[in-house]
2 protein chains.
Amino acid sequence: MNSLGYTLLSMLVRKPCSGYELKGYLELFWQAHHSQIYPLLNKLEKLGYVVYISENDPIHKKIYSITDEGKEFLQEWIQGKTAKPITRDEFLGKLYAISIIDPKRVEELFQERQAYFQKLATIHKKTLDEIDEQFGADLTGEGWESSFGRYLICKRRYDMDLAELEWCQWANDQYRQKFNNKNFSN
Amino acid sequence: MNSLGYTLLSMLVRKPCSGYELKGYLELFWQAHHSQIYPLLNKLEKLGYVVYISENDPIHKKIYSITDEGKEFLQEWIQGKTAKPITRDEFLGKLYAISIIDPKRVEELFQERQAYFQKLATIHKKTLDEIDEQFGADLTGEGWESSFGRYLICKRRYDMDLAELEWCQWANDQYRQKFNNKNFSN
DNA sequence: TTGACCATGTAATTTGTTACATGATTTC
DNA sequence: GAAATCATGTAACAAATTACATGGTCAA
């Protein structure tokens, strides 16, 4: 099984989910396409690590639940070595060449970046508030344990969004100062 | 050409580099293997977007330089749509299931995470200091323009390292509080 | 009735990872 | 003289992306 497969199992510890839901939750720290998720869930099901209960649920929606065997399998992975986090950021790839980018385009790139993370920050703040509302900010609500991991991860993501926004402002300011002083040329 | 290929071009705007160097610089925001980088550089060379000057340089080291055609090609990419940043984080994949992880292992996971980002923060701080030293903190040194992009990216990375470390401390504290209160069970 | 979102799947292609291969240099 | 780091390459395999394919729901 690959890392994404284990991660799907990990997310099913919190609550039974459909592939579509998993894709959404996953976006906090792992962007996966549905074309990866659905086949993996089918594989996990064949292996007996998840079961699906399509019961009375609307139309063609498959809610997966982790099995005890799935939990054991997951534990083995959790005990093993943890791979380093991976990032790939095209914006930064472009920014590397900032000295030869048209100033209008630079401003545009920063603006797009800020808008993107502003949107994410808003979404993640809302999610955090919802978790607090559901379980109580003093962490006393029922079922809290199973959502604790997601809560920590969501908080991290929100913190990172804010750090990214702060950096954006700083970097854009630096650029403007630089540009006004020396006019950059090149 | 793919995003990594364009990003390599972008990095060559700053200064001529070997594939090995590029791999190192890239690690700030894009983790690529040498088995991707070397073939891409050969491809870019065949297309005339980079040239290599192995001249008097030690043994088998190939220093690549971007051409004017390469810069034009790069500009087209920079003008186009920017793909969203990608992250994949196994640690967070494990953390999702924190409610069923042995507390000792949880502490270990947090410790490893902190050590990892502490190490990165130290490296990135050092790199930032070197850039400041080389060009002057008031951004007046010669050749500053071409390293400005790298400077911004390096600062971002350092900020993110610190944010990650702060979150780690917060999250570990939350976990300990939670664990001491309710003993988590499960 | 159009567009956004929910919902799942497969196939073709591209990208990324791991393994195979080699060899020099530097530091301890 | 052993280990780490510098340095480049290819091949086999695994994973991710994009395209193809289908169909339901809900709100403006």
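Reminder, nothing fancy here: chain letters follow the sequence lines and each chain counts from 1.
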Problem set entry | Pairing of B/Glu21 and B/Lys15 as salt bridge, 4.0 angstrom limit | yes
Exercise. Tell me: CG of A/Leu4 to P of C/dT17, nearest whole Å?
Worked result: 14 Å
Exercise. Cationic tip of A/Arg105 within the cone over A/Phe110's six-membered ring, i.e. under 6.0 Å and within 45° of the normal?
Worked result: no
Problem set entry | Proximity to the side chain of A/His33 - top-ranked nucleotide from D/dG9, D/dT8, D/dT18 | D/dT18
Exercise. In a check of side-chain contact (heavy atoms from CB on, under 4.5 Å) between A/Val13 and each of B/Ile101, B/Ile100, B/Ile98, which one passes?
Worked result: B/Ile100
Exercise. Between D/dA15 atom C1' and A/Tyr6 atom OH, what is the distance in whole Å?
Worked result: 15 Å
Exercise. If we fit an axis to the first five pairs and another to the last five of the helix from C/dT1-D/dA28 to C/dC28-D/dG1, what angle do they make, to the nearest 10°?
Worked result: 50°
Exercise. Which ones in residues 16-28 of chain B lie close to DNA chain D, meaning a heavy atom under 4.0 Å from one of its atoms?
Worked result: B/Ser18, B/Gly19, B/Tyr20
For this session: Give a yes/no answer on whether the side chain of A/Tyr38 brings an N or O atom under 4.0 Å of OP1 or OP2 in C/dT8.
Result: yes
Problem set entry | A/Ser10 side-chain N/O to B/Ala97 backbone N/O, donor-acceptor pair under 3.5 Å | yes
For this session: Round to the nearest Å and state the distance from A/His34 atom NE2 to D/dA16 atom P.
Result: 15 Å
Problem set entry | Nucleotide of C/dA19, C/dG9, D/dA7 approaching A/Lys62 most closely (side-chain heavy atoms) | C/dG9
For this session: Measure from CG on A/Leu44 to C1' on C/dT8 and round the result to the nearest Å.
Result: 16 Å
Exercise. Separation of A/Lys43 atom NZ from D/dA16 atom C1', in whole Å?
Worked result: 14 Å
Problem set entry | Interface residues of residues 81-94 of chain A with DNA chain D (non-hydrogen, below 4.0 angstrom) | none
For this session: For the pair B/Ser18 (side chain) and B/Lys61 (backbone), establish whether a donor and an acceptor sit closer than 3.5 Å, ignoring hydrogens and angles.
Result: no
Problem set entry | B/Gln36 side-chain proximity, nearest of C/dG16, D/dA19, D/dA15 | C/dG16
Exercise. Hey, is the main chain of B/Tyr25 close enough, under 3.5 Å, to the side chain of B/Trp30 for a donor-acceptor pair?
Worked result: no
Problem set entry | Closest to side chain of B/Ser35, choosing from C/dA7, D/dA11, D/dA16 | D/dA11
For this session: Report the C-alpha distance between B/Ser146 and B/Arg14 in whole Å, list the side-chain angles of each, state the deciding distance to 0.1 Å, and finish with yes or no for side chain to side chain donor-acceptor pair (under 3.5 Å).
Result: CA-CA 5 Å; B/Ser146 61; B/Arg14 181 176 150 240; over 6 Å; no
Exercise. Do A/Lys62 and A/Glu45 meet the salt-bridge criterion of a basic N to acidic O distance under 4.0 Å?
Worked result: no
Seminar exercise, completed: DNA chain D nearest-nucleotide lookup for A/Gln31 and B/Pro39: closer to the 5′ end is B/Pro39
For this session: Figure out the OH/P separation between A/Tyr64 and C/dA7, and round it to whole Å.
Result: 14 Å
Problem set entry | Same apolar cluster (I L V M F W Y, side chains within < 4.5 Å links), B/Leu47/B/Leu4 | yes
Exercise. Under 4.0 Å between a side-chain N/O of A/Asn2 and OP1 or OP2 of D/dA14, yes or no?
Worked result: no
For this session: State whether the side chain of B/Arg88 and the backbone N or O of A/Gln31 hold a donor-acceptor pair below 3.5 Å, judged by distance alone.
Result: yes
Seminar exercise, completed: With B/Asp161 as partner, the option from B/Gln118, B/Lys119, B/His124, B/Arg156 fulfilling side chain to side chain donor-acceptor pair (under 3.5 Å) is B/His124
Seminar exercise, completed: Paired with A/Arg113, the salt bridge (charged side-chain N to carboxylate O under 4.0 Å, His left out) test is passed by just one of A/Glu108, A/Glu107, A/Glu164, A/Glu90, namely A/Glu164
Exercise. The side chain of B/Asn42 lies closest to which of these nucleotides: D/dG9, D/dT8, C/dT10?
Worked result: D/dG9
